Asks: 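Handing you this structure, nothing more for now.
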There are 2 protein chains.
Amino acid sequence: MSTIREVADMAGVSVATVSRTLQQPDRVSPKTRVRVQEAIDHLGYKPNLMAVKFRSGKTQVLVALVPTVANVFFARVIKGMQEAAASQGYSLLLMNTMGDDDIERNCAKLVDTSQADGVIQLRAFNPFAPDQFQSEALLPMVNACEIVDGARFPTVTLDNRAAAKAMTEHLISLGHRRIAMVKGPQSSPLTRDRLAGYEDALKAAGLSIDDSLLCAGDFTLSSGYRAATTLLSLPKRPTAIFCENDEMAMGAMRKVREAGLSIPEDISIAGFDNIAFSAYAEPPLTTIAQPAEEFGETAVNVLIDVLNGKTKHALKVILPFELITRQSTGPAPDSANP
Amino acid sequence: MSTIREVADMAGVSVATVSRTLQQPDRVSPKTRVRVQEAIDHLGYKPNLMAVKFRSGKTQVLVALVPTVANVFFARVIKGMQEAAASQGYSLLLMNTMGDDDIERNCAKLVDTSQADGVIQLRAFNPFAPDQFQSEALLPMVNACEIVDGARFPTVTLDNRAAAKAMTEHLISLGHRRIAMVKGPQSSPLTRDRLAGYEDALKAAGLSIDDSLLCAGDFTLSSGYRAATTLLSLPKRPTAIFCENDEMAMGAMRKVREAGLSIPEDISIAGFDNIAFSAYAEPPLTTIAQPAEEFGETAVNVLIDVLNGKTKHALKVILPFELITRQSTGPAPDSANP
DNA sequence: GTAAAAGATGTTATCGGTTACATTTACACA
DNA sequence: TGTGTAAATGTAACCGATAACATCTTTTAC
């Protein structure tokens with residue numbers, strides 16, 4: 001690999017002139033410019049960007065902390081981040097953190113050690129580990145998808161509470177009175193917000209909240225399946241199951257069908273996320289659409305603004321959601337209205 | 001951010017001693033070691049890894065060229081790559097290439113410009129653009145998942161032809177004679193290999209190959225749906241549809257159900273990949289399991305071996321597949337055996 | 001007690017660019 | 001022709017670490 005010095009020698013100029021030829025061509029006379037360019041072409045010279053980054057102190061790299069890259073929703077967010085980053089000349093360093101605090105802390109070190117300029121965190125800070133990032137205030141970071149109130153970073157999210165309320169209202173309007181909810185992990189703010197929206201709707205409709213209808217899952221297909229197993233074995237089973245994401249809803253649907261029940265005649269099922277598979281499920285799944293790619297794009301753009309000092313720290317972007325009504329939800333069965 | 005020089009000053013030693021304290025602590029006397037460590041702690045010193053990488057000429061970064069990160073199968077491969085890379089002290093730079101030659105070429109430049117050490121390509125080289133990478137021989141690269149014969153790089157793949165043959169034989173053994181295939185994009189070697197396996201099995205069973213039963217798709221749910229639409233409108237429709245991936249199979253299943261047919265009583269459906277959703281489909285999908293995470297891990301490990309000069313260029317790793325028989329395939333309907 | 005060996009630490013060049021400042025060249029105008 | 005100014009180019013410091021080599025200190029052994 002040739003260096004700027006070799007180019008300079010071959011062109012018979014100084015390294016500064018070569019550098020200028022590349023950075024500010026108008027500050028170099030046309031004839032030397034040509035001579036330098038010939039030398040560059042001849043040697044196949046490519047500037048060592050590592051050296052450039054080292055000197056400039058800017059890496060042009062953003063780190064994305066993703067709980068699980070093998071998740072359909074996050075995959076879309078990643079796509080959005082990657083494209084936005086690329087279009088602004090940044091690279092995206094992807095980290096699969098599996099929600100592990102230690103791994104996340106480690107990844108954040110990439111910024112401390114000048115290997116990256118900023119961090120995008122797709123998971124909310126664990127409220128039980130408030131000192132997670134000691135240098136919080138210093139670290140250029142944005143939080144996306146799952147955020148916590150009072151975050152000290154810019155955040156990009158949607159109104160999960162309102163969305164969950166909208167879905168629950170949809171189910172209530174279909175006549176459902178025993179509506180189960182399959183939650184995400186206890187520690188997730190997402191879970192808390194969506195649960196709150198569910199409760200908002202029930203209260204507004206004058207319905208009581210039945211704890212036996214609340215099941216904990218972990219956003220995987222299998223946990224949805226397990227939750228449905230529990231719910232179907234209740235003495236008085238629900239007429240609708242609202243799952244906090246589509247994967248769990250699809251897991252639940254499988255169990256419901258295996259139990260010989262039909263959807264939505266016997267039980268309605270609703271999800272959250274509107275992943276591609278939802279429209280192809282049997283029956284197609286009623287869900288909340290989130291603009292996943294936009295989450296990623298926005299997070300990257302906000303982070304770059306932060307890096308350029310253009311964004312104030314408390315910025316909070318709220319993206320819109322949409323209730324997508326498909327065939328997995330329908331009128332409550334009569335037997336459920338005694 | 002403090003530098004090694006500040007640490008040296010504070011500890012009253014030279015920069016070399018500080019460097020040694022971190023690199024080869026045994027070459028420093030215990031008492032200075034302590035003094036240096038105190039200075040490091042006190043200043044919160046973190047070595048600037050950009051400087052280290054610049055000087056060493058090693059970036060410890062691997063680039064992954066992924067056609068679409070928003071794909072369930074690739075997401076699993078990415079997970080495998082990410083973990084293997086992390087465990088060997090490498091970072092993974094993820095690039096969503098959308099199969100675009102220009103973008104891929106650009107990404108490969110990351111190596112030329114010393115921003116990355118090597119490349120993992122998850123897509124086969126476009127046979128129509130043989131000069132894709134001019135510096136092919138020089139670029140440390142491995143090709144995974146989708147490879148082409150005679151590749152000049154190490155490759156990690158599975159025997160797609162044998163796998164497709166096994167699936168087709170399974171369908172034949174169930175009595176199917178009119179077996180349709182939903183292919184991937186024309187340009188994909190995967191498509192060619194799986195088609196060849198399909199033809200192998202048909203020939204071995206003395207069945208003729210009917211071109212009207214071959215449909216082109218693009219590995220998306222919707223293309224599977226469209227392909228099924230075409231196949232169902234044939235004067236003499238197939239009794240089984242073998243899709244080259246699970247997404248297309250799930251798209252096809254949706255169409256078949258919408259047409260009022262049952263699976264597998266009227267039509268059997270088979271996929272390829274064994275993504276998580278397949279087991280939860282209605283009915284659960286018969287498919288070929290690929291060790292997706294292992295693809296990623298192996299590709300990373302081979303690439304690191306290449307970087308360390310431990311692997312010869314022609315290495316070819318073939319991973320095992322497994323035929324997973326679920327309920328989407330069953331005996332051919334009688335009417336199909338005239 | 002002293003030379004040799006081993007151990008500890010310091011000095012400095014280096015990686016490959018960028019850029020402030022210095023110097024040279026070119027040209028215009030009196 | 002001389003001088004001032006602008007344009008072109010060169011020189012060298014610098015970013016922050018590493019490591020070869022030099023130097024100084026302490027053991028070890030006779």
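Owing to the predicted nature of the structure, the values given are computational and were not obtained by experimental measurement. Protein chains get the first letters and strands the later ones, always in sequence-line order, with residue 1 at the start of each.
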Asks: Checking Asn301(B) against Gln88(B): is there a side-chain donor and acceptor pair closer than 3.5 Å?
Replies: yes

Asks: Separation of Gln60(B) atom CD from dA17(D) atom P, in whole Å?
Replies: 17 Å

Asks: For Gln24(B) and dA17(D), what is the distance between atoms CD and P respectively, to the nearest whole Å?
Replies: 16 Å

Asks: Could you tell me whether Asp112(B) and Lys109(B) make a salt bridge, using a distance below 4.0 angstrom between a side-chain N and a carboxylate O?
Replies: no

Asks: Tell me: CG of Leu22(A) to C1' of dT19(C), nearest whole Å?
Replies: 14 Å

Asks: Using a 4.0 Å heavy-atom cut-off to protein, can you give one letter per nucleotide of nucleotides 8-17 of chain C, 5' to 3': B if the base is in contact, S if only the sugar-phosphate is, - if neither?
Replies: SBBBB-BBBB

Asks: Hey, is Arg123(A) close enough to Asp100(A) for a salt bridge, meaning N to O under 4.0 Å?
Replies: no

Asks: For the CD atom of Gln290(A) and the CZ atom of Arg76(A), what is their distance to the nearest 0.5 Å?
Replies: 8.5 Å

Asks: Answer yes if the side chains of Asp41(A) and Gln37(A) hold a donor-acceptor pair under 3.5 Å, and no otherwise.
Replies: yes

